[in-house]
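Every chain is numbered from 1, with letters handed out A, B, ... down the list of sequences. None of these values were measured; they are calculated from a predicted model.
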Number of protein chains: 2
Amino acid sequence: MSTPVSSIHESNDPPAARPTMQDVAHAAGVSLKTVSRVVNNEPRVDEKTRERVHQAIAQLGFRRNDIARSLRQKQTSSTIGLIIEDIANPFYSSIARGLEKVAQQYNYMLIISNSEENALRERELVNALLSRRVEGLCIVPAGTDHSYLAAELRRGTPFIFLDRPPLQLQTDTIVLDNRGGSRQAIRHLLAYGHRRIAVIQGDPRVYTGAERIAGYYETLAEHGIPCDESLIYSNCDEAQLAHQATHALMSLPQPPSAIFSTSNRISIAVLRALRSYTQQPAFIGFDDFDLADMLPTPITVVAHDPAAMGTRAAEILFARLAGSTVPFQQTIIPTRLIARGSGELPPPRA
Amino acid sequence: MSTPVSSIHESNDPPAARPTMQDVAHAAGVSLKTVSRVVNNEPRVDEKTRERVHQAIAQLGFRRNDIARSLRQKQTSSTIGLIIEDIANPFYSSIARGLEKVAQQYNYMLIISNSEENALRERELVNALLSRRVEGLCIVPAGTDHSYLAAELRRGTPFIFLDRPPLQLQTDTIVLDNRGGSRQAIRHLLAYGHRRIAVIQGDPRVYTGAERIAGYYETLAEHGIPCDESLIYSNCDEAQLAHQATHALMSLPQPPSAIFSTSNRISIAVLRALRSYTQQPAFIGFDDFDLADMLPTPITVVAHDPAAMGTRAAEILFARLAGSTVPFQQTIIPTRLIARGSGELPPPRA
DNA sequence: TTGTAGGCGTTATCAT
DNA sequence: ATGATAACGCCTACAA
């Protein structure tokens with residue numbers, strides 16, 4: 001699986017040290033400051049001098065040390081941080097993409113860290129990033145208390161919370177219309193005649209989970225539908241648990257005529273489990289996913305735009321960096337129901 | 001969509017400047033060096049002193065400036081860079097995940113940049129990252145000449161190329177077994193009796209594309225099957241072009257009995273196009289994708305492990321940072337054919 | 001156990 | 001147009 005290729009490592013010459021502006025200055029026979037002027041494209045440098053300096057730079061392979069630079073300049077690292085749960089999750093990678101797109105326009109670099117949903121890890125990462133002097137930080141929080149950021153926030157570092165609001169802290173926040181999305185889904189199922197609507201959800205104590213299940217309860221209540229708690233399965237973020245929940249629901253003496261899943265990952269597990277049943281319940285899932293339209297019964301979903309969360313976060317962040325002192329904003333990213341078929345299956349005729 | 005929440009911005013007190021070790025030293029009534037000792041957990045500090053310093057740190061909200069630190073310490077930024085085409089693409093985000101997982105173990109941060117397949121942009125990003133003194137760089141190259149990295153490489157900065165080898169440069173490289181994967185796919189189709197096997201591919205001049213199509217040609221030749229160039233559609237990376245190619249193939253007087261797609265994105269576009277035909281050709285795609293097993297005919301693919309590319313890159317990178325001078329390695333990540341149904345459809349009986 | 005002096009590589013200030 | 005000097009915040013080396 002691995003084969004040696006060739007090597008510069010055989011040669012014994014010690015690698016040349018990295019040249020500094022001082023080295024360039026010597027080589028070009030000018031002062032350090034003149035090199036700095038050339039490197040930074042400052043005016044008022046003689047063309048001949050500039051040329052000589054450029055040659056020395058090329059010859060020595062000089063590259064400005066932005067770390068030293070940022071130390072002297074007013075601590076501008078031109079770097080922002082993003083803390084998410086898992087970059088391999090398409091929801092987060094879309095956020096990252098939106099954020100980085102804007103960051104590139106400002107010539108900022110993006111440091112991405114995965115908290116793995118661990119509050120302690122999250123805090124370590126926040127501290128590590130702040131020590132590195134990121135100029136702003138976007139966080140999909142796993143922790144439950146962000147008051148420790150208050151001092152840093154007052155000091156001027158912008159924090160943007162994504163997907164879930166901060167706790168014990170006031171700052172800019174961008175969330176989905178979780179409750180509204182759920183309401184759309186449940187209203188849709190009700191409109192198609194469903195009355196026994198099951199829910200397979202993750203952790204209802206997490207913000208998004210709480211909002212989504214609240215949308216379910218609210219909508220049922222508004223329509224005067226009594227809520228049957230035996231149709232609600234929680235903490236099914238693991239595929240296997242979602243799988244089991246599905247089978248449990250379908251094995252009830254009176255199975256639900258529709259299932260609502262509160263997330264992407266759960267939806268997929270549920271759909272896998274549902275394959276073994278001939279009588280398919282209606283199904284709607286929160287979050288869109290690739291190929292939802294290609295399944296034997298195309299899947300109706302509550303869709304949204306994760307990349308928009310990233311770009312919106314970036315807009316606010318860079319506005320803050322530019323000095324904006326408008327009040328903290330809560331941005332709500334809209335959801336929309338995409339009817340593809342699975343959500344329009346009618347209930348079985350009684 | 002956006003509502004003001006509240007604000008610290010109304011208060012007029014200028015945000016406190018960020019305290020330095022010097023400030024802490026004054027507050028604690030000790031010297032700067034003692035603060036440094038406490039912050040870095042050095043021994044030989046009196047417990048009482050340590051306590052006083054900790055209090056001052058807490059009170060002032062001091063946070064060590066790792067930028068200044070890394071300037072004085074032997075330029076260790078504890079940061080590595082990753083340049084990919086698009087973090088929103090699951091292939092790349094999996095690589096990023098693998099890389100970051102290992103980086104976290106070493107307490108390194110990961111800067112991710114998207115080149116958008118633009119060679120110029122790639123080079124700018126490389127330069128920007130090197131100026132920030134990333135200690136190593138992983139690159140999925142878009143450019144066609146990486147000789148400009150030679151000096152930096154000799155100087156000791158490790159460069160790891162992912163998915164495609166560097167051009168005009170020797171360094172550590174990690175690629176998939178592209179050719180072998182294609183060979184598996186084509187042999188599989190041949191074994192099921194197919195003789196007219198179409199290919200819908202991307203740009204055959206890109207390394208991965210060249211290898212994959214070479215595997216196709218080789219395998220046909222080995223089996224003495226004449227190659228019909230009218231069955232090969234290139235440059236179909238755009239979904240719409242792949243779509244059109246599929247329809248063109250299926251409209252031939254003698255359509256192919258099997259289709260091989262050389263990438264993920266193309267596969268999905270092809271499958272969308274194929275939905276409108278009753279007589280389905282056999283199909284195999286390079287790259288696995290979510291829900292491939294859930295489509296009406298589950299999709300046979302050439303699968304591999306993108307996260308392994310990331311972790312392998314990290315292993316090599318950190319070994320180099322630790323001083324390894326073994327020859328450059330080319331690592332080949334294996335592929336495996338996953339037969340799910342679409343690749344086992346027989347050719348129509350003549 | 002604690003402190004002083006110097007320097008990392010750059011930019012800011014002020015002089016020439 | 002060019003340069004000398006100080007400073008950014010911290011760590012290293014050495015001294016007390």
So what does A:S70 touch, heavy atoms closer than 4.0 Å: a base, only the sugar-phosphate, or nothing?
nothing

Is the backbone of B:N127 close enough, under 3.5 Å, to the side chain of B:S131 for a donor and an acceptor to pair up by distance?
yes

Under 4.0 Å: is that the gap between some side-chain N or O of A:S31 and OP1 or OP2 of D:dT2?
no

Taking the basic N atoms (NZ, or NE/NH1/NH2) and the acidic carboxylate oxygens, is any pair closer than 4.0 Å for [X] and [Y]?
| X | Y | result |
| --- | --- | --- |
| A:E122 | A:R164 | no |
| A:E116 | B:R97 | yes |
| B:D23 | B:R18 | no |

Within the sub-3.5 Å range, which N or O atoms of nucleotides 7-11 of chain C have a protein N or O partner, and how far apart are they?
unit_1: C:dG7; atom_1: N2; unit_2: B:R72; atom_2: NE; d: 2.7
unit_1: C:dG7; atom_1: N3; unit_2: B:R72; atom_2: NE; d: 3.0
unit_1: C:dT10; atom_1: OP1; unit_2: A:N65; atom_2: N; d: 3.0
unit_1: C:dT10; atom_1: OP2; unit_2: A:M21; atom_2: N; d: 2.7
unit_1: C:dT11; atom_1: OP1; unit_2: A:N40; atom_2: OD1; d: 3.2
unit_1: C:dT11; atom_1: OP1; unit_2: A:N40; atom_2: ND2; d: 3.1
unit_1: C:dT11; atom_1: OP1; unit_2: A:R69; atom_2: NH1; d: 2.6
unit_1: C:dT11; atom_1: OP2; unit_2: A:S36; atom_2: OG; d: 2.9
unit_1: C:dT11; atom_1: OP2; unit_2: A:N40; atom_2: ND2; d: 3.2
unit_1: C:dT11; atom_1: O2; unit_2: A:R72; atom_2: NE; d: 3.1

Centroid separation under 6.0 Å, is that true for the rings of B:H146 and B:F161?
yes

Bend angle of the helix from C:dT1-D:dA16 to C:dT16-D:dA1, from helix axes over five pairs at each end, nearest 10°:
40°

Is the B:F318 ring parallel, tilted or perpendicular to the B:Y106 ring (thresholds 30°, 60°)?
parallel

Whole-Å gap separating [atom2] ([N]) and [atom1] ([X]):
| X | N | atom1 | atom2 | answer |
| --- | --- | --- | --- | --- |
| A:H26 | D:dG3 | NE2 | C1' | 13 Å |
| B:R52 | C:dT1 | CZ | C1' | 12 Å |
| A:K48 | D:dT2 | NZ | P | 12 Å |

We want to know whether B:Q59 and B:Q55 form a side-chain donor-acceptor pair, criterion being a heavy-atom distance below 3.5 angstrom.
no

Please assess B:E51 against B:K48 for the test salt bridge (charged side-chain N to carboxylate O under 4.0 Å, His left out), listing each intermediate value before the final yes or no.
CA-CA 5 Å; B:E51 187 47 39; B:K48 307 236 169 198; over 6 Å; no

